[in-house]
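Here the structure is laid out as structure tokens; the discussion comes afterwards.
Values below: every heavy atom of this structure, side chains too, minus hydrogens, waters and symmetry copies. Remember, it's 1-based here, ligands and their atoms both numbered in the order they're listed.
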Amino acid sequence: MASVNSAKQGAGRVPLIAGNWKMNLDHLQAIAFVQKLAWNLKDAGHNFADVEVAVFPPFTDLRAVQNLVAADKLPLIYGAQDLSAADSGAYTGEISGQFLSKLDCTYVIIGHSERRMMHAETDEVVAAKIAAALKHGLVPVICVGESAQDLEEFGPSAVPVAQLRKALEGVKSASDIVVAYEPVWAIGSGKAATPVEAENVCAALRAVLLEVLGADVAEKTRVLYGGSVKMTNIGGFMKQPNVDGALVGGASLDIDEFSGIIRYQKHAF
Ligand code: PGA
């Protein structure tokens with residue numbers, strides 16, 4: 001399987017393991033968690049150039065995480081879970097991409113299914129948020145995925161492919177983006193997609209990238225799988241040629257489990 005990995009790396013796609021904390025851990029807990037995670041990975045001799053590690057804490061934790069990462073020069077990357085499509089103004093409760101940039105966020109998750117479902121985020125809103133992220137120098141982690149009903153009605157890749165097409169209307173040129181395929185039925189359910197199911201949809205998503213943004217972008221863009229990823233199933237996903245990492249929810253809140261996912265090469269290859 002080393003060859004699958006070197007093909008990805010050769011294309012410039014460093015595997016990315018990203019922890020989406022959702023609405024968990026306050027800023028004090030975040031400091032303790034990030035410190036422990038960094039120590040744990042350092043003790044294990046983790047090479048961050050081989051597998052990039054990112055965390056996505058709640059907004060209120062970001063300043064604390066920024067300070068910690070800067071003060072201790074931690075090799076961890078971080079981002080936000082959402083942003084506003086607008087830059088500033090009368091948008092009570094919203095957070096501008098400009099603010100996230102100032103907090104040295106690298107990434108921002110956009111279009112997570114929980115936002116699409118609970119906050120009625122349409123494909124148009126997702127595209128506008130992606131444009132806002134890029135405008136402020138943030139790398140959007142664009143989430144797409146089908147529900148169980150979609151799967152039954154339209155098959156495995158129709159909905160994620162359509163969502164990505166719409167989302168890419170927010171991307172004008174060869175920008176730095178990440179795509180995350182997260183089947184809604186697999187999120188938090190303990191029932192992950194199989195590696196082959198994930199590969200098939202991730203390959204279809206890469207084909208959309210090729211068609212809309214060209215070969216260069218398609219080759220270098222990381223496409224992640226998300227949905228009930230654990231230490232015991234990550235290896236199967238990472239062996240697939242079109243899966244470049246994982247967006248991890250529940251398991252990213254357990255330091256040993258998350259470290260095990262990050263260190264998949266040591267136990268699963
Ligand atoms: P899960 O969540 O790993 O808990 O299934 C994934 C996600 O929502 O990003």
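A 4.5 Å side-chain heavy-atom check between Val144 and Glu182 finds every atom pair outside the cut-off.
Ligand 1 has no atom lying under 4.0 Å from any heavy atom of Ala251. Residue contact annotation: Ser252 has no non-hydrogen atom under 4.0 Å from ligand 1. In this structure, Gly227 has a heavy atom closer than 4.0 Å to ligand 1.
In summary, the atoms of ligand 1 found under 4.0 Å from a heavy atom of Ala186, numbered by their order in the structure, are 5 (O). Close approach to Ser228 involves these atoms of ligand 1, each under 4.0 Å from a residue heavy atom: 1 (P), 3 (O), 5 (O). Listed by atom number, the atoms of ligand 1 under 4.0 Å from Gly250 heavy atoms are 1 (P), 3 (O), 4 (O). Atoms of ligand 1 lying under 4.0 Å from any heavy atom of Gly188, numbered from 1 in the order shown and given with element: 1 (P), 4 (O), 5 (O). The distance from ligand 1 to the heavy atoms of Ile187 drops below 4.0 Å at these ligand atoms: 2 (O), 5 (O), 8 (O).
Using modelled atom types and a 3.5 Å distance limit, the side chains of His112 and Gln81 yield no donor-acceptor pair. For the residue pair His136 and Asp87, a side-chain donor N or O sits within less than 3.5 Å of a side-chain acceptor on the partner. For the 3.5 Å distance criterion, the side chains of Trp185 and Gln149 fail to qualify, holding no donor opposite an acceptor. A donor-acceptor contact closer than 3.5 angstrom is absent between the side chains of Asp256 and Ser259. If you check the side chains of Glu199 and Asn242, you find a donor sitting under 3.5 Å from an acceptor.
Residue Glu114 places no N or O, backbone or side chain, under 3.5 Å from any N or O of ligand 1. At least one N/O-N/O distance between His112 and ligand 1 falls below 3.5 Å.
Tracing side-chain contacts under 4.5 Å through hydrophobic residues (I, L, V, M, F, W, Y), one reaches Leu138 starting from Val217; they form part of the same cluster. Grouping the Ile, Leu, Val, Met, Phe, Trp and Tyr side chains by contacts below 4.5 angstrom, directly or via other members, places Val126 with Leu134.
Looking at Asn20 against ligand 1, only its side chain comes within 4.0 Å, counting heavy atoms. Counting heavy atoms closer than 4.0 Å to ligand 1, residue Ala180 contributes nothing at all.
Protein heavy atom closest to atom 3 (O) of ligand 1, with residue, atom name and distance, is Gly249 N, 2.8 Å. Regarding atom 9 (O) of ligand 1, its nearest protein heavy-atom neighbour is Glu182 OE2, 2.6 Å.
Ring centroid separation for the pair Tyr264 and Phe269 comes in under the 6.0 Å cut-off.
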